[in-house]
There are 2 protein chains.
Amino acid sequence: MAKQIPDIVIGRLPVYLRALLQMSQEGRQVTSSQELGERLGISAAQIRKDLSQFGEFGKQGTGYNIEFLANQVKEILNVNRVWDIAIVGAGDIGRALAGYNGFSERGFRIQMIFDNKPELIGTQSGPFTIKDSRTMKEEIQAAGIKMAMIAVPATQAQAVTDQLVEAGVKAILSYAPVNLNVPPGVHVQNIDPSIHLQRMTYYLE
Amino acid sequence: MAKQIPDIVIGRLPVYLRALLQMSQEGRQVTSSQELGERLGISAAQIRKDLSQFGEFGKQGTGYNIEFLANQVKEILNVNRVWDIAIVGAGDIGRALAGYNGFSERGFRIQMIFDNKPELIGTQSGPFTIKDSRTMKEEIQAAGIKMAMIAVPATQAQAVTDQLVEAGVKAILSYAPVNLNVPPGVHVQNIDPSIHLQRMTYYLE
DNA sequence: TAGATTGTTAATCGATTAACAATC
DNA sequence: TAGATTGTTAATCGATTAACAATC
């Protein structure tokens, strides 16, 4: 079994990757742990330590080749391929996600979007025709989709989650403001703007 | 000066609060650190430890009164009041945020939304008329708004941030996929779905 | 060569957990 | 009273930082 990497380290890698790709777009060739750290507000030592968990990617005296390191991090994170994604919920948030063009360049491709509202089913959301939730499990399974984003009301989120798990989905990004329970081996990330806001109000007057 | 509370503890409080309010809606009166922990996937000891940083809110043998504890946590987090918020960027995400009705019950009120696109300025987004970004600093300052959400392209995010800081904004929730630099005393939280997704692909096959 | 920066070790710092007296 | 659960202390565990030899 491979060495166990702390999840907190995994959580920082996508941030490093985003910064590297941005530097690359700026036409830069080389960077250092110090420069990266300054951009991100992270210590240089931590960046070197994090990367050293996976191998040696730099050169003493010169630093890191940006393109090379970005590719290595992509490989570590498993995003040197395309992941198909299903969206559940075609309200404002679901449709905004369906129309977001930032996914393709980061390794993701929206494949389908579902809703249970009769008035939405069959209508267009950008390039997608909104599908009936009742066919969800079947279609996701048939397509072999492993990742989903949930944008349904809190009250429906757990039921949707259970169905996605049954369909073989292994990673869920949830926009529903509720805690989801999943079996071991299924991963969940939550995005709830109120939670993020409340985390900052503590520090305000 | 008050005792320094770890930021990681502050980060868990909104999650506790959300669970407490949900229990309250379910008609429950009392809970325990153990039950809360099971719901949230957090150890009971950690919940007790976190809360003990701020006072004694429970009763030995019986646990915590849900409504009382929720109110205490609201007070700690400074959300026993209403915070006015400005949204910058009236694209899909900005408009979805403007139309999201989950904010009011969590202590937040959207006050205004801005964009710099001539074809959007003056049009409606739900109950709001989209305002011209050029008046942003002035209007935010005049209204005394301290919190903002940014939903503009990555390329514009830092410039918008700088203006918000100038206008006196102290807390920013950014949906732009880029790292923002702010002076001390200004708080930033980032929401980038690709980052959350990439954090999970590591664990997938 | 001299300067810069890595990868890594050891030291420090901080967070989590276990355990239990206090007490409802 | 007996059972349950808190608040807190001490022990454990894990993450971050400082420092430096190696070396480009």
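Letters A, B, ... mirror the listed sequences (proteins, then strands); counts begin at 1.
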J.: Under 3.5 Å for both distances, Watson-Crick or G-U wobble, that's the pair rule; now give the dot-bracket for DNA chain D, with | marking pairs to another strand and [ ] for crossing ones.
T.: ..||||||||||||||||||||||

J.: I'd like to know if B/K146 pairs up with B/D84 as an ion pair, taking the criterion as any Lys NZ or Arg NE/NH1/NH2 lying under 4.0 Å from an Asp or Glu carboxylate oxygen.
T.: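 No, this pair does not count.
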
J.: Using the test salt bridge (Lys or Arg N to Asp or Glu O under 4.0 Å), find all partners of A/E139 that sit at least two apart in sequence or belong to another chain.
T.: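 With sequence neighbours excluded, A/E139 shows a salt bridge (Lys or Arg N to Asp or Glu O under 4.0 Å) to A/K131, given in chain and number order.
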
J.: Using ring-ring contact (aromatic ring centres under 6.0 Å, His included) as the criterion, list what pairs up with A/F128, not counting sequence neighbours.
T.: none

J.: Just jot down the side chain to side chain contact (heavy atoms under 4.5 Å, CB included) partners of A/A154, sequence neighbours excluded, or say none.
T.: A/P177, A/V178

J.: Could you list all the side chain to side chain donor-acceptor pair (under 3.5 Å) pairs where at least one residue sits in residues 172-186 of chain B, not counting sequence neighbours?
T.: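 For residues 172-186 of chain B: A/R18-B/N179.
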
J.: Tell me whether the OP1 or OP2 atom of D/dT16 has a side-chain N or O from A/S43 closer than 4.0 Å.
T.: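 A/S43 to D/dT16 OP1/OP2: no side-chain N or O under 4.0 Å.
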
J.: Identify, with sequence neighbours excluded, every residue that meets ring-ring contact (aromatic ring centres under 6.0 Å, His included) alongside B/F68.
T.: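 Testing B/F68 for ring-ring contact (aromatic ring centres under 6.0 Å, His included), a comparison that skips the adjacent residues, returns none.
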
J.: Could you note down all residue pairs passing side chain to side chain donor-acceptor pair (under 3.5 Å) where residues 58-83 of chain A supplies at least one of them, sequence neighbours left out?
T.: none

J.: Would you please name every residue forming a ring-ring contact (aromatic ring centres under 6.0 Å, His included) with A/H187, sequence neighbours left out?
T.: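 With sequence neighbours excluded, A/H187 shows a ring-ring contact (aromatic ring centres under 6.0 Å, His included) to B/Y203, given in chain and number order.
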
J.: Show every side chain to side chain donor-acceptor pair (under 3.5 Å) that has at least one partner inside residues 96-105 of chain A, sequence neighbours left out.
T.: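 Sorted result for residues 96-105 of chain A: empty, none.
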
J.: For nucleotides 1-11 of chain D, read 5' to 3', which letter fits each nucleotide if B means a protein heavy atom sits under 4.0 Å from the base, S means only the sugar-phosphate is that close, and - means neither?
T.: ---BBBBBB--

J.: List for me each residue that meets ring-ring contact (aromatic ring centres under 6.0 Å, His included) alongside A/Y16, sequence neighbours excluded, and say none if there are none.
T.: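 Listed in chain order: nothing, the list is empty.
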
J.: Give every pair of a protein N or O atom and an N or O atom of nucleotides 12-15 of chain D that lie under 3.5 Å apart, one pair per line with the distance.
T.:
none

